[in-house]
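A short write-up of the structure that comes next.
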Amino acid sequence: MGWYNKRLAKSIWVFHVSASPCNNCDIEILDLLTPRYDLERFGIKLVGSIRHADVLLVSGIFNQKVGPRVQQIYQQAPKPCFVVGIGTCPASGCCFKDSYNISKNIKDIIPINLYIPGCPPKPENMIAGIVKLVEVLNA
Ligand code: SF4
């Protein structure tokens, strides 16, 4: 596991799942790829398939429709797969938490290793969160 984490710390491939968000978080994630923030300079890149990813980035809330899909995507990920929850939605449900169709225990759907809070979080906060992840992987 140690060597695997060291490899991840150099180049993290990320797959993003948008699970019923309001889309603000998704727009901020896209900002990370623009020349202004240029996330790829850290060796971090978004990939088009969960089967190629080391990290699953989840934004939005898990409702009864999307929850099983997110679970299915997580099951297809090569393990270990680190899950990062973007925004307040995956952490606490945010403004959707009392909705009738929200899965009651979000943590039963997939394990989330790191939360980046905010509604939506700023790109700078997301970069700081990902740097924290790299530090944890290097420890
Ligand atoms: S955390 Fe806020 S900005 Fe992000 S998807 Fe949820 S409601 Fe939207």
Side-chain angles (χ1 to χ4, degrees):
M1 185 77 175
W3 65 269
Y4 188 87
N5 287 348
K6 294 270 186 247
R7 182 176 63 85
L8 279 185
K10 289 193 181 350
S11 175
I12 300 177
W13 286 20
V14 178
F15 183 75
H16 172 217
V17 171
S18 182
S20 306
C22 74
N23 285 130
N24 266 357
C25 282
D26 301 332
I27 289 166
E28 297 299 328
I29 291 169
L30 285 179
D31 263 359
L32 293 174
L33 303 172
T34 61
R36 178 164 184 172
Y37 295 103
D38 193 16
L39 194 66
E40 289 191 2
R41 70 196 144 120
F42 299 116
I44 300 164
K45 71 176 212 166
L46 279 184
V47 292
S49 167
I50 186 61
R51 295 184 193 277
H52 300 157
D54 308 300
V55 171
L56 176 60
L57 205 63
V58 186
S59 58
I61 186 73
F62 303 156
N63 60 28
Q64 287 173 14
K65 185 173 181 183
V66 87
R69 307 289 183 277
V70 173
Q71 206 167 34
Q72 201 174 24
I73 288 169
Y74 178 74
Q75 284 163 357
Q76 291 171 357
K79 304 295 183 299
C81 175
F82 297 91
V83 182
V84 178
I86 296 287
T88 313
C89 276
S92 68
C94 198
C95 47
F96 306 112
K97 74 176 174 204
D98 292 326
S99 301
Y100 70 95
N101 66 341
I102 298 304
S103 302
K104 288 302 165 220
N105 198 348
I106 292 172
K107 290 170 190 71
D108 285 347
I109 295 177
I110 54 168
I112 297 183
N113 304 103
L114 177 79
Y115 292 100
I116 300 177
C119 184
K122 286 175 153 187
E124 293 90 339
N125 293 351
M126 292 193 216
I127 291 173
I130 292 165
V131 168
K132 196 80 185 161
L133 176 65
V134 171
E135 280 173 12
V136 169
L137 293 175
N138 267 323

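Keep in mind that the numbers below use all heavy atoms, side chains included, and drop hydrogens, waters and symmetry copies. Small disclaimer: the values here were computed from a predicted structure and weren't measured.
Considering all non-hydrogen atoms of both residues, I73 and I50 come closest at O-CG1, 3.6 Å. Scanning all heavy atoms of the two residues, the minimum distance from S11 to W13 falls at OG-NE1, 3.4 Å. A pairwise comparison of heavy atoms in G85 and I112 identifies N-CG2, 3.7 Å as the closest pair. When all heavy atoms of G48 and F15 are compared, the pair lying nearest together is O-CE1, 3.5 Å. What you find for Q64 and I102 is that their closest heavy atoms are NE2-O, 4.3 Å. Considering every non-hydrogen atom in both H16 and S59, the closest pair reads NE2-OG, 3.0 Å.
Every residue was checked against the side chain to side chain donor-acceptor pair (under 3.5 Å) condition with T88, not counting sequence neighbours, and none meets it.
Between I27 and P120, the closest side-chain pair of non-hydrogen atoms is not below 4.5 Å. Side chains of F62 and R69 form no contact here, defined as non-hydrogen atoms less than 4.5 Å apart.
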Step by step, work out the side chain to side chain contact (heavy atoms under 4.5 Å, CB included) result for C119 and N24. CA-CA 8 Å; C119 184; N24 266 357; over 6 Å; no
Evaluation steps, side chain to side chain contact (heavy atoms under 4.5 Å, CB included), between C89 and C25: CA-CA 10 Å; C89 276; C25 282; over 6 Å; no
Side chain to side chain contact (heavy atoms under 4.5 Å, CB included) evaluation trace for N63 with F96: CA-CA 9 Å; N63 60 28; F96 306 112; over 6 Å; no
Applying side chain to side chain contact (heavy atoms under 4.5 Å, CB included) to L114 and F82, what does each step give before you reach the verdict? CA-CA 8 Å; L114 177 79; F82 297 91; over 6 Å; no
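The only member of L57, V58, V14 that meets side chain to side chain contact (heavy atoms under 4.5 Å, CB included) when paired with V84 is L57. P123 pairs in a side chain to side chain contact (heavy atoms under 4.5 Å, CB included) with only one of the listed residues (L30, D31, I29), which is D31.
One distance of note links CD of Q76 with OG of S49; it measures 8.0 Å at 0.5 Å rounding. Distance CD1/I86 to OG/S18: 11.5 Å, rounded to 0.5 Å. Going from atom CD of E124 over to atom CG of L32 covers 9.0 Å, rounded to the nearest 0.5 Å. Atom CD1 of I110 sits about 5.0 Å away from atom CG of L56, to the nearest 0.5 Å. The structure places CD1 of I44 at 5.0 Å from CD1 of I12, a figure rounded to the nearest 0.5 Å.
Sparse packing is recorded around CZ of R36, with 12 or fewer heavy atoms of other residues, nucleotides or ligands lying under 6.0 Å away.
With hydrogens and angles ignored, the 3.5 Å screen pairs no side-chain donor or acceptor of K45 with any backbone N or O of G43.
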